[in-house]
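What you see below is based on every heavy atom in this structure, not just the backbone, and it leaves out hydrogens, waters and symmetry mates. Residue numbers begin at 1 in each chain, while the letters A, B, ... track the order of the sequences.
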Number of protein chains: 2
Amino acid sequence: MRIGEVARKTGVKAETIRFYEREGILTAPPRTRSNYRDYGPDEAATLTFIRRARDLGFSMPDVRELLELSNEDDRSCAAVDSLARAHLDQVERKIAALQIMRDELSRMIASCEQDTISDCRIIDTLAASHGP
Amino acid sequence: MRIGEVARKTGVKAETIRFYEREGILTAPPRTRSNYRDYGPDEAATLTFIRRARDLGFSMPDVRELLELSNEDDRSCAAVDSLARAHLDQVERKIAALQIMRDELSRMIASCEQDTISDCRIIDTLAASHGP
DNA sequence: CTTGACCTTGTAGTGGCTACAAGGTGCATA
DNA sequence: TATGCACCTTGTAGCCACTACAAGGTCAAG
């Protein structure tokens, strides 16, 4: 399989696949006579794994560790579990922070009465300090 | 006021203030004899404005525009309003995306029974495709 | 006269790609 | 056979909003 095909199959763009190879997260595949990368199903599976982990918001270092762990069949999955829990925690913190932003933005917008800038509650709120 | 003091007053780090000056978002203040930046209350107010807008998640281009608009007292604040609404929309989209991540992560973690990696539901879920 | 806190400049690094330039390859069609 | 087009190759630079660091200048207190 050439890079374009594996890109279509896994949903990871060709440029990104090459980037992963440069970063050492994906091992370099063999090359065809004309120097094209030649992928097998294993690399495709790894890319799918990476994409799914990235879609769930895991960082590249996390993905790297998950990939390493996934190859050690006999070890306990406690490390995987704790990594996932730590990430969930981060996601929840981020949601909380964004909800605070959202609430303040909503309040700000609701208080604006579409007058001139000099009376604008939005500009006021930013200039002075009304919020937290 | 030297840069350290205005940094303390506004909560914007000195390095960041210099960065804003380089980027042209904050006008360069006069210098003392010894070439130190010498800020007045106006610059401090601008920095507070920037910090509050950034804390609310506005991008630097947005902040730039908000700053420009804030100087045009007589214009209608419709532009401010629509900028803020567009940003609120973005924040809400981000929250929704993170909630989907959170839910899938929770499900994944809940299904793991702390066995060996080869039976690990978390690794399974990443490798194959169970979610959206 | 030295210490230490502050300031100056410039450059490079962060994360995770993405875009682009300049050229080589492979296959179908005229 | 020539040509066009999609695909591949490498390397480099850009994105965002800082942050870190190096190497040096300034100033007041002890």
Interface with DNA chain C, restricted to residues 84-91 of chain A and to heavy atoms under 4.0 Å: none

Contact boundaries on DNA chain C for chain B, cut-off under 4.0 Å to non-hydrogen atoms: C/dC6 to C/dT9

DNA chain C contacts made by residues 27-37 of chain B, counting heavy atoms under 4.0 Å: B/Arg31, B/Asn35, B/Tyr36, B/Arg37

All side-chain hydrogen bond (donor to acceptor under 3.5 Å, both in side chains) counterparts of B/Asn35, not counting sequence neighbours: B/Arg31

Contacts of type side chain to side chain contact (heavy atoms under 4.5 Å, CB included), residue B/Ser106, not counting sequence neighbours: A/Leu88, B/Arg102

For A/Thr32, side chain to side chain contact (heavy atoms under 4.5 Å, CB included) partners two or more places apart: A/Ser34, A/Tyr36, A/Asp38

Residues in contact with DNA chain D, drawn from residues 5-21 of chain A - heavy-atom cutoff 4.0 Å: A/Arg18

A/Asp81: side chain to side chain contact (heavy atoms under 4.5 Å, CB included) partners, not counting sequence neighbours: A/Arg85, B/Ile109, B/Cys112, B/Gln114, B/Ile122

Please report, to 0.1 Å, the donor-acceptor pairs under 3.5 Å made by any side chain of residues 11-23 of chain B, with sequence neighbours excluded.
residue : atom : partner : partner atom : Å
B/Glu21 : OE1  : B/Arg37 : NE           : 2.7

Terminal helix-axis angle for the helix from C/dC1-D/dG30 to C/dA30-D/dT1, with five pairs defining each axis and rounding to 10 degrees: 20°

A/Arg93: partners by side chain to side chain contact (heavy atoms under 4.5 Å, CB included), with sequence neighbours left out: A/Asp89, A/Gln90

Side-chain polar contacts of residues 65-77 of chain B - donor-acceptor pairs under 3.5 angstrom, sequence neighbours left out - could you list them?
residue : atom : partner : partner atom : Å
B/Ser70 : OG   : B/Leu67 : O            : 2.7
B/Asn71 : ND2  : B/Leu67 : O            : 3.4
B/Glu72 : OE1  : B/Arg75 : NH1          : 3.3
B/Ser76 : OG   : B/Ala78 : N            : 2.9

